Amino acid sequence: MIVTTTFAETRRLGSGVVGLVPTMGYLHEGHLSHIAKSSQANDTTVVSLFVNPLQFDDPADLDRYPRNVERDRDLAFSAGADVLFAPEVSEMYPEEPLTTVVVRNVTDHMEGARRPGHFEGVATVVAKLFAGLQPDVAYFGRKDAQQVAVVTTMARDLSFAVRIEPGSTVREADGLALSSRNVFLSESERRRALSLSQGLFASADLIDRGVTKGATIERACLDHLVHVDVDYVQLADQGQARPLESLDRPAFLAVAATVGSTRLIDNIAIDAGDSGWVVDRGDRLSKASMLYGGSDAAGR
Ligand code: PAF
C-alpha cells in the first residue's frame, strides 16, 4: 500500500497488467466497486485522486468539493488498491497548460452544453493520466454516461492502448445514485432528489414494456420531477451522446436537476439484449452509503 505524488514514481510501481481507477476522491461504494473489480482482474491497481480544477466551470463548486485524503487512502487500500496516486496541482499542471483535449460532437449536448469547458478539462486530465501512467484498463462509472462516451472517444482518437471499462451506477437502497455531492443534501433535499431515480425507473418500466418513442420515455421521467429544478431529461445514444428521437441503438436516458444548491445528474443505460432492450438500473446497496459517515466510513 503506497501513496505516490509523481507520475514517474507511480509508473515505476505498475507491474504486469495495470488497472487505473481515476477519481476526484471522497470515495463511495461506486468507486470501491471499480477498485475491487480492477484488483481482481489486474496485477496492479492504481487509484488516482485529483480534484481537477480544469473541469470546474464554477470556482465556488471547486472550493466546496468534498476532500479527505486519509479517508480515501484507507478506503482505497481496503478495497484492493495497490497504489494511490495523489498528485499536487503542480505535478499535474506544472505550467498553465497550452495543450488541452477537445472532443467534438460527443460534448455538444447535455453536460457539455450546460457546463462550458467541463469536458475539455475531463478529457485533458484523463489523457494526462493515460499518457503518464500507461494503464491497460481504466474504470469509469456509468452514472457519468456522457463522460464515458467522451473518454472512450478521446482514447480511440489519440490511440491510447487502454480498454475503457464502464461500471454500473451504484445506488442507495432507496434508489438515489451515489455521488460525492450527495453529502451536501439536507434531509428534505435528499427526499426530493429521489424523484430523479423514481422518474428514470418509471421510464425504464415503459422501455421494458416495449416503448421506444423518445418523447414518451422522457415524459414518463419528467412527470416525476416535482420540487426539483429540472435542467434536462434526454434520451441519447451511448456512443456519441447525441439526442435520439427513438430508441433504435444502445442509449441512455439522462436527467439533470438542481435540488437546493446541489446539481445532480443520473441516468439509466439501455443496452441491446438477445431479445430486446435491457435497462441497466444500477446496483442497490442494502444499507446507507458510507458517504454519510456510517460504521464503514473512515471519517469525514
Ligand atoms: O468522474 C470523475 O470523478 C472525474 O471526472 C475524473 C474522471 C476522475 C476526471 O477528473
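In each ligand, atom 1 is the first atom listed, and ligand 1 is the first ligand listed. Just so it is clear, the model here is predicted, and its values are computed rather than measured.
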Practice problem: Find all atoms of ligand 1 within a distance of less than 4.0 Å from any non-hydrogen atom belonging to Pro22, and give their numbers and elements. | Solution: 8 (C)
Quiz prompt | Short N-O contact, Arg209 and Asp205, less than 4.0 angstrom | solution = no
Self-check item: Under-4.0 Å salt bridge between Asp57 and Arg115
Solution: yes
Quiz item: For Glu88, does the CD atom sit with more than 12 other heavy atoms under 6.0 Å from it, leaving out its own atoms?
Solution: no
Quiz prompt | ligand 1 versus Thr23: contacting region, heavy-atom distance under 4.0 Å | solution = backbone
Quiz item: If you measure every N/O of Asn52 against every N/O of ligand 1, is any gap under 3.5 Å?
Solution: no
Quiz item: For atom 10 (O) of ligand 1, which protein heavy atom lies nearest, and how many Å away is it?
Solution: Gln55 OE1, 2.6 Å
Quiz item: Which ligand 1 atoms does Phe140 reach within 4.0 Å, using its non-hydrogen atoms?
Solution: 7 (C)
Quiz item: If you measure every N/O of Gln147 against every N/O of ligand 1, is any gap under 3.5 Å?
Solution: yes
Quiz item: Should the pair Arg263-Glu111 be classified as a salt bridge under the 4.0 Å nitrogen-to-oxygen rule?
Solution: yes
Quiz item: Which atoms of ligand 1 have any heavy atom of Val125 under 4.0 Å away?
Solution: 9 (C), 10 (O)
Quiz prompt | Note: Arg242-Asp108 ion pair, threshold 4.0 Å (strictly below) | solution = yes
